[in-house]
Amino acid sequence: MEHLVAEFIRFDQITKFYGALCVVENLTLGIEKGEFVSLLGPSGSGKTTLLMMLAGFEAPTSGEIVVNGLAINGVPTHKRDMGVVFQSYALFPHMSVGENIAFPLQMRGTARAEIEQRVARALDMVQLSALRDRWPSQLSGGQQQRVALARALVFEPRVVLLDEPLGALDKQLREQMQLDIRDLHRRLGLTIVFVTHDQSEALTMSDRVAVFNKGKIEQIGTPRQVYDQPATRFVAEFIGETNLVEGVVERVSGGEALVKLPSGATLCAVADSAVAGQTVHLSIRPERIDLSDSRRPGGNSLETEVTDSVYQGDHLRVQLKNPAHPLIAKLGRRSQEYPPGTKIYASFAADDCRVIAP
Amino acid sequence: MTRLRSRTARSLLLLAPLFVFLVWFFVWPLVGMMSQSVSDSAVLNLLPRSAGILTNWDRRSAPSAEMQQALIADLRAVQDTQALGDMVRRLNSARSGFRTLMTRTVSAVSDPAGPPADLVSIDKRWEKPEFWIAIADALSPYTDRNLLAAIDFGRNAEGAIEKLPPDQSVNLVIMARTFWIAALVTVACAAIGFPYALIAASATGWKRDLLLGAVLLPLWTSLLVRTAAWFILLQEKGLINDLLLALHVTSAPLALIFNRTGVIIAMTHVLLPFMVLPVYSVLITIPKNLMPAAASLGAPPWRAFVRVLLPLSLRGIASGSLLVFISAIGYYITPALIGGPGDQMISSIIAFYATGTANWGMAGALGVVLLVATLLLYSVYARISSEEPGRA
């Protein structure tokens with residue numbers, strides 16, 4: 001409730017059923033003006049449904065969607081003033097690129113001369129001025145995506161909704177488009193809601209990331225927060241790669257917990273909420289693990305043995321075995337090889353080891 | 001190489017039955033009918049001697065004795081009275097008065113006492129070159145008479161093409177009526193078929209099957225059965241009028257049968273699948289997200305429909321309309337059973353010439369006109385559909 005003042009879009013206790021299937025369950029989410037929020041989750045987690053409800057293509061079974069202080073549940077799509085970019089672009093095949101971009105302006109009764117200007121500016125913005133008279137079928141996937149983006153932005157909507165817009169593009173193009181969209185967001189001060197199942201895309205582009213699972217938001221926070229401080233096991237596993245280690249809390253003091261592993265070793269971990277005697281999971285990101293020949297003082301160290309190591313260009317991926325759990329470590333800037341069977345210590349700071357709610 | 005050739009040979013062998021079928025039942029009858037419309041041997045077959053002599057005649061001078069003797073010999077040799085009737089009819093249509101002249105002449109030359117010395121002694125009219133010109137013209141194995149008559153034109157005594165007098169020109173009126181009825185049926189099919197296809201394309205599962213089944217059902221029943229069913233429904237005391245009266249929609253039975261209304265209702269029903277299926281097949285290829293996209297860009301539903309869905313489905317409507325129109329202009333049974341005398345279409349006239357008067361030439365000529373009109377229409381359609389943008 002503390003966000004209430006600045007919130008531009010608010011989903012208030014939204015529930016959506018398809019028949020007997022609950023796809024969004026009692027969800028509340030606030031988005032601020034000018035914010036770039038990603039809805040991240042696996043398919044079927046309800047993120048797209050939430051976007052469709054915001055666009056007006058679907059109606060919530062219960063709950064209210066408020067934009068700029070006004071409930072918009074009963075407002076039809078064409079009056080919502082939101083630019084939507086679809087996964088499959090949804091360009092009109094019988095209109096040229098220019099006509100596609102002019103369409104929303106024509107619907108708003110904009111004067112012909114102004115339409116000319118704004119279409120030209122929008123094309124310029126996505127660097128497609130030369131393709132104005134082409135048909136959509138003559139464009140590549142990336143060009144079509146830019147046209148769809150220009151079409152969704154040309155009428156200066158109050159919110160831009162992007163539904164997995166980069167899913168169909170190849171990797172290099174996708175990364176370029178990510179940066180382009182982020183750049184547009186900053187330049188134009190747009191409020192953007194972005195749906196994706198690609199965690200790196202969400203981390204790259206967003207101000208905040210809402211991680212969806214089974215119709216609920218597991219965690220919402222900045223990319224740094226959701227990556228470094230995953231609130232749940234789902235978030236820790238869905239975003240990036242992590243080592244999950246099971247143990248029992250021995251004692252808690254000042255946000256730190258001492259956790260005893262089945263092997264008998266103890267680890268020091270950051271804990272927001274933990275009770276002594278509780279069985280918990282610890283999340284340790286592979287790139288935060290260091291390998292050393294001797295136990296490191298002042299941190300966590302586990303005695304392990306190398307089972308395999310794979311050189312992957314930008315990092316070396318080492319698989320480790322210790323009595324309790326297998327671990328994975330990603331080592332950067334390291335020329336050293338670790339042949340299988342090497343006995344070694346895996347060390348990491350207490351800050352990089354987090355207690356995850358079970 | 002040999003293998004390749006043997007494969008080609010085998011493919012040709014497989015295609016052979018189709019080929020034979022097409023040639024035997026389609027190409028040959030078509031060519032036959034078309035050649036009937038321009039061929040004209042009714043006179044030539046019976047008058048071979050006259051034909052030999054008349055080719056040298058200058059068409060102006062008085063008929064020579066040779067010509068008259070040849071004609072007498074030809075007429076005496078005729079055994080087939082039906083062929084003789086055909087010839088007289090043919091000559092009479094080129095020059096009125098031939099019927100009485102020929103009747104008198106034939107009975108005179110077949111006098112058992114021996115033929116008269118010359119034809120002029122039988123009838124003075126044989127002195128006039130006009131009648132000989134008519135015979136000379138009719139001797140040519142080819143004629144444009146039927147084709148001209150099919151579009152209400154004919155040749156006058158000088159051989160120039162001119163419009164037939166109004167009491168003889170009925171074909172153009174019927175042709176225009178045929179096209180008008182076909183156009184009305186096409187419009188009615190589009191008006192009913194397009195929304196129907198829209199609903200069918202947006203439905204799913206058993207609802208879609210049901211909708212498509214309902215429209216396909218007419219295709220699986222005989223045309224005659226369907227027409228007969230409409231015959232029952234549309235009667236003055238038929239189901240539709242009973243229902244309208246019972247609901248007090250009308251106070252007296254509507255005239256739904258033996259008039260234009262009935263023909264259009266029945267033909268629309270019969271031809272509806274040919275509109276619905278092409279439109280449906282185009283509609284299901286239109287991406288589902290275009291209408292939501294239009295809405296999100298600010299288009300109210302009806303503007304989204306006019307600007308997006310309608311233009312994208314025009315291809316289907318065009319091919320549906322073409323199918324319906326081309327089928328409709330050849331309709332015969334439905335107008336014959338449900339229509340009145342003023343609703344007969346060109347096929348009825350063709351049937352009349354073919355089975356009623358055995359005038360295969362006229363039947364063929366009207367068929368050719370119908371075929372040409374259809375091909376013209378199709379070429380217009382092909383031109384339009386190839387110019388469609390955004391499909392490059």
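Proteins get letters first, then strands, A, B, ... in listed order; numbering begins at 1 in each.
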Turns out that what part of A:M95 lies under 4.5 Å from chain B's heavy atoms comes down to side chain
- Over 12 foreign heavy atoms within 6.0 Å of CZ, B:F19: no
Note: vs chain B, highest number of non-hydrogen pairs under 4.5 angstrom among A:P104, A:G83, A:A152, A:P76 is A:P104
The interface call for A:Q87 against chain B, heavy-atom contacts under 4.5 Å, is neither
Okay, A:R80 and chain B: the region with an atom under 4.5 Å from a heavy atom over there is neither
Q: Please check if atom NE2 in A:H78 has more than 12 non-hydrogen atoms from other residues, nucleotides or ligands closer than 6.0 Å.
A: yes
Worksheet item: Are the side chain of A:H94 and the backbone of B:R307 linked by a donor-acceptor contact shorter than 3.5 Å?
Response: yes
Exercise. Taking everything shown except B:M34 itself, do over 12 heavy atoms lie less than 6.0 Å from its CE?
Worked result: no
Point to revise | More than 12 heavy atoms from other groups under 6.0 Å of CZ on A:R187 | key: yes
Under 4.5 Å to a heavy atom of chain A? For B:P300 that would be both
Check your understanding: Tell me, do A:S88 and B:N289 make a side-chain contact under 4.5 Å, heavy atoms counted?
Key -> yes
task = Begin with the C-alpha distance, continue with both residues' side-chain angles, and end with the deciding distance and a verdict on side-chain contact (heavy atoms from CB on, under 4.5 Å) for B:V308 and A:F103.
result = CA-CA 10 Å; B:V308 178; A:F103 184 84; 4.3 Å; yes
Between A:P93 and B:L312 the two heavy atoms that sit nearest each other are CG-CD2, 3.6 Å
Okay, A:L105 and chain B: the region with an atom under 4.5 Å from a heavy atom over there is neither
Next item on the list: Please indicate whether B:K288 has more than 12 foreign heavy atoms, meaning atoms of other residues, nucleotides or ligands, lying under 6.0 Å from its NZ.
Entry: yes
Do B:S296 and A:F57 come close enough that some side-chain heavy atom pair is under 4.5 Å? yes
Shortest non-hydrogen pair, A:R108 vs B:G298, comes out as NH1-CA, 3.9 Å
inquiry  = So B:L297 and A:R151, do their side chains get closer than 4.5 Å, heavy atoms only?
reply    = yes
All heavy atoms of A:L91 vs all of B:L290, minimum pair found to be O-CD2, 3.4 Å
